[in-house]
Amino acid sequence: MLTIALSKGRILKQTLPLLKKAGLEISDTELNSRKLILNTNFDTVKVIIIRASDVPIFVQHGAADMGIAGKDVLLEHGGSGLFELLDLGIAKCRLMVAASDKAKLKQNTLKIATKYIHSTQCYFAAKGTQIEVIKLYGAMELAPKVGLAHCIVDLVDTGNTLKANGLIAFEKIEDISSRLVVNSSAFKTKDTQIKAWIENIKKSL
Ligand code: AMP
């Protein structure tokens, strides 16, 4: 049996057509059910659909053999216990530093609201900028407006969310896309099955 963990939401919409092209299908009945473990058109493959940030955790601990998650989430997780094997080139966006104006970024201690703690700390440490990170779980754009932070670090796709909140992206931390990850032990114990699926997915890219 092979279990694949998929990220809910925006990534899922682009993942399902890719998997279908690779030969793996999940029926609408399964997708619309309240079940947490979904059947596929293969008896040997099950799918779980979970929060994006939980995907690397399930894969790391072997609760899922493979997973599809954004690079943003994988950078935060750190990659322990899993191999990142394929860049799927879907759900592309950028991890950016945004503020209402550039002057806001020139502080002795820059206050940054984000859920991307690790990436933010690495980026500003490399620049030698002293920062204070304020961990938020959503609605980051609100933080500069209410004086909680000087700027934010968040994912930007079209830039519409930033624009609607009077923010401008000034610095790029990372280009982001979804990646296929595999549990490091499963990669050895289930290698034939996993390698076959990787080949199918590669061909469908
Ligand atoms: P946009 O307004 O198109 O720039 O999208 C920005 C909003 O969508 C932010 O709240 C992001 O956190 C979220 N977002 C954009 N791209 C992605 C992605 N590839 N994966 C997850 N969230 C994303």
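Heads up: numbering here begins at 1 and tracks the sequence. Whatever order the structure lists them in is the order used to number ligands and atoms, beginning at 1. Quick note: numbers below take in every heavy atom, side chains included, and nothing from hydrogens, waters or symmetry partners. Everything numeric in this text was worked out from a predicted model, so none of it was measured.
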| said: With a 4.0 Å cut-off on N to O distance, would you call Asp87 and Arg179 a salt bridge? | reply: yes
| Residues lining ligand 1 [heavy-atom distance under 4.0 Å, listed by chain and residue number] | Arg10, Ala91, Cys93, Asp154, Leu155, Val156, Asp157, Thr158, Gly159, Asn160, Thr161
| Do Thr114 side-chain atoms and Val153 backbone N/O form a donor-acceptor pair below 3.5 Å? | yes
| message | Looking at Lys35, I'd like to know if its NZ atom is crowded, meaning that more than 12 non-hydrogen atoms belonging to other residues, nucleotides or ligands lie closer than 6.0 Å. | response | yes
| message | For Asn41, is there any backbone N or O sitting under 3.5 Å from a side-chain donor or acceptor partner on Glu25? | response | no
| Under a 4.0 Å N-O cut-off, is there an ion pair linking Lys115 with Glu76? | no
| If you draw a 6.0 Å radius around NZ in Lys135, do more than 12 non-hydrogen atoms from other residues or ligands fall strictly inside? | yes
